[in-house]
Protein chains: 2
Amino acid sequence: MVSPVKRLPRAVREQQMLDAAVRVFSRRGFHAASMDEIAEHAGISKPMVYAYLGAKEDLFIACLRREASRLIEAVTGAAGGDLPPDEQLWRGLRAFFGFVGAHREGWTVLYRQARGQEPFSREVAGMRARMAEVIAVLLGRAVAAAGQRASESDLEVMAYALVGASESLADWLVDHPTEDPERAATRMMNIAWLGADQLLRGATWRPSR
Amino acid sequence: MVSPVKRLPRAVREQQMLDAAVRVFSRRGFHAASMDEIAEHAGISKPMVYAYLGAKEDLFIACLRREASRLIEAVTGAAGGDLPPDEQLWRGLRAFFGFVGAHREGWTVLYRQARGQEPFSREVAGMRARMAEVIAVLLGRAVAAAGQRASESDLEVMAYALVGASESLADWLVDHPTEDPERAATRMMNIAWLGADQLLRGATWRPSR
DNA sequence: GAGCGTACCTACTCGGGCGTAAGGTTACGC
DNA sequence: GCGTAACCTTACGCCCGAGTAGGTACGCTC
C-alpha cells in the first residue's frame, strides 16, 4: 500500500540508476553526492545500486563511460566519411557543441569533476587522448593535402590546443544559455581553422626582435 | 628533549603551512588530503592550522589565492608596458608556461582540483575571467591597430578559447617533463597568433556548401 | 501450486577525519 | 622576576556516509 514499486528487469533499472547518478553527481560533485541520494533519485534502495553497479567509484566511472561514449560516438559519427578535412572538423565541432548544448549542466560538469579527482583523471586523460588523436590524424591529412610536412609532435600539440579551446568554449556555452551551439561551433571553427590553415602553409610567427 | 620545535612568528608559520598544504593538496586531492597530514608536513600540530588559516575549505582557498596571485602577477608583469599586441601576448604566454614549467605538479594540479569542486569553482572562474579580460583587451587593441572592429562578445570568446588552449598545453607540458616551456610558449603563440591575425584582418571560414 | 531465482527492502556496523576543549611552555615588556 | 600574551600540544567528540547482513515478496516455469 505504501509505494507499489514496480519490478523491472535489470537492464532498465541500471539505466535509471545511471540517469540518477549523473544528475546527482553533477549537482553535488563526487564527494558531496551520497549513495542514499542517488538511490532515492532512482526510486530504489541503496543495496540495489551496490548489487548492480558496485561501489561509489565504480558507479561514477560507469556514468563517465556512458556519457563519454555517447559524446565520442556523436562526434566521430558526424565527422566520418571522406570529406575534406575542414569539412570534417566543422562537422565534428558542430556535433560536439550540439551535444554540450543539449546536455548543458550534465556532461560538462561531470567531466570537470573527473579531471581533478585522482582515480578518474586517468580515465578522462584517455578520452582526451582519443579525441586528440582523431584530430591529429585529421590535421595530418590536411597537411599532406597541402603538400607540406609536419612532425607527429607538432600535430599532437595542435590537437591538444584545439581540444582545450573547445572545452573552454563549451564551459562558456554552458554559462551563456541564450547562446546557440551552432554559433559557438562556427566561432570555434573560425579560430581553429584560420590558424591551422596558416600553419599548414608553413607560416610561422616569430618575436619581432 | 623530544622535538625542540622552534617558535616562529605567525607570518612565517603561515607560509610554511601554505607550502605544506599546496603539496599535500596537489598530491592527494582536496578530499583525500587530511588536515593531520598537512599539519605534519608543516612540522606543526593541527590546531595551529585551524588557529591561523581556518577550516579546510578556507585553507584550500588560501592556497589557491596565493598561487593564483603569483601566476597572474607573473603574467601581467611580463606583458606590461605598451609594446605591440603580439609582443605582449608572446611575453604573457612565455611567463605563463615558464610558471607552469617551474611549478610542474604544483599549480596545475591544484588548479585542476578546484575547477570541479563546487565551493571553489567560482573562485577559479573569477581568475579565468580576469585572465580572459586581459587578453580580450589586448585583442581589442590589436583589432583597433589593424583598423578593424570587433564586438565585445567576439573578443571575449576568442579570449576564452585562447585561455583554454593554453591550459590544455600546460597540462600537456606537465606530462612531458623533457619539453622546454619556452618551446611550448612558441607553439602556442604560433597557433594563437596566426589564427588571430587572420581573424583581425576580417577573414572568416565558412562551410563549403 | 511448489519451487526457485531474481528483484527488492530495512536496519544496521564501523571507520575516518574534521574540528575543538583545555591545558602546557616560551618570550617579551616593564 | 613576574605577568601576560602568543605559541603550541595532546587527546578527544562526534557526525556522516560507505558498504553489508539477512530476510521478504514477486512472478515465472512445469
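Reminder, nothing fancy here: chain letters follow the sequence lines and each chain counts from 1.
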Student: Any protein N or O atoms within reach of nucleotides 15-18 of chain D? Criterion: under 3.5 Å, listing atom names and distances.
Tutor:
| residue | atom | partner | partner atom | Å |
| --- | --- | --- | --- | --- |
| dA18(D) | OP1 | Ala33(A) | O | 3.2 |
| dA18(D) | OP1 | Lys56(A) | NZ | 3.1 |
| dA18(D) | OP2 | Met35(A) | N | 2.9 |

Student: Could you walk me through whether Arg141(B) and Gln88(B) satisfy the side chain to side chain contact (heavy atoms under 4.5 Å, CB included) test, starting with their C-alpha distance in whole Å, then the side-chain angles of each, then the deciding distance to 0.1 Å, before giving a yes or no?
Tutor: CA-CA 11 Å; Arg141(B) 293 211 302 117; Gln88(B) 283 190 305; 2.6 Å; yes

Student: In whole angstrom, what separates Glu40(B)'s CD from dC8(D)'s C1'?
Tutor: 16 Å

Student: DNA chain D: Pro47(A) or Met48(B), which has the more 5' nearest nucleotide?
Tutor: Met48(B)

Student: Taking Asn190(A) for the side chain and Thr186(A) for the main chain, is one N or O donor matched with an acceptor at less than 3.5 Å?
Tutor: yes

Student: Pick from Arg28(A), Arg23(A), Arg27(A): which one makes a salt bridge (Lys or Arg N to Asp or Glu O under 4.0 Å) with Glu37(A)?
Tutor: Arg28(A)

Student: Calculate the interatomic distance between Leu59(B) atom CG and dG17(C) atom P; express it in whole Å.
Tutor: 16 Å

Student: What integer distance in Å separates Ile44(A):CD1 from dT6(C):P?
Tutor: 17 Å

Student: Whole Å only: how far is the CZ atom of Arg13(A) from the P atom of dC9(C)?
Tutor: 7 Å

Student: Hey, what's the ring geometry for Trp172(A) with His176(A), parallel, tilted or perpendicular (30° and 60° as the breaks)?
Tutor: parallel

Student: Please state whether the phosphate of dC28(D), meaning OP1 or OP2, lies under 4.0 angstrom from any side-chain nitrogen or oxygen of Arg7(A).
Tutor: no

Student: Can you tell me how far C1' of dA5(D) sits from CZ of Arg10(B), to the nearest Å?
Tutor: 13 Å

Student: Rounded to the Å, how far apart are Ile38(B) CD1 and dC18(C) P?
Tutor: 8 Å

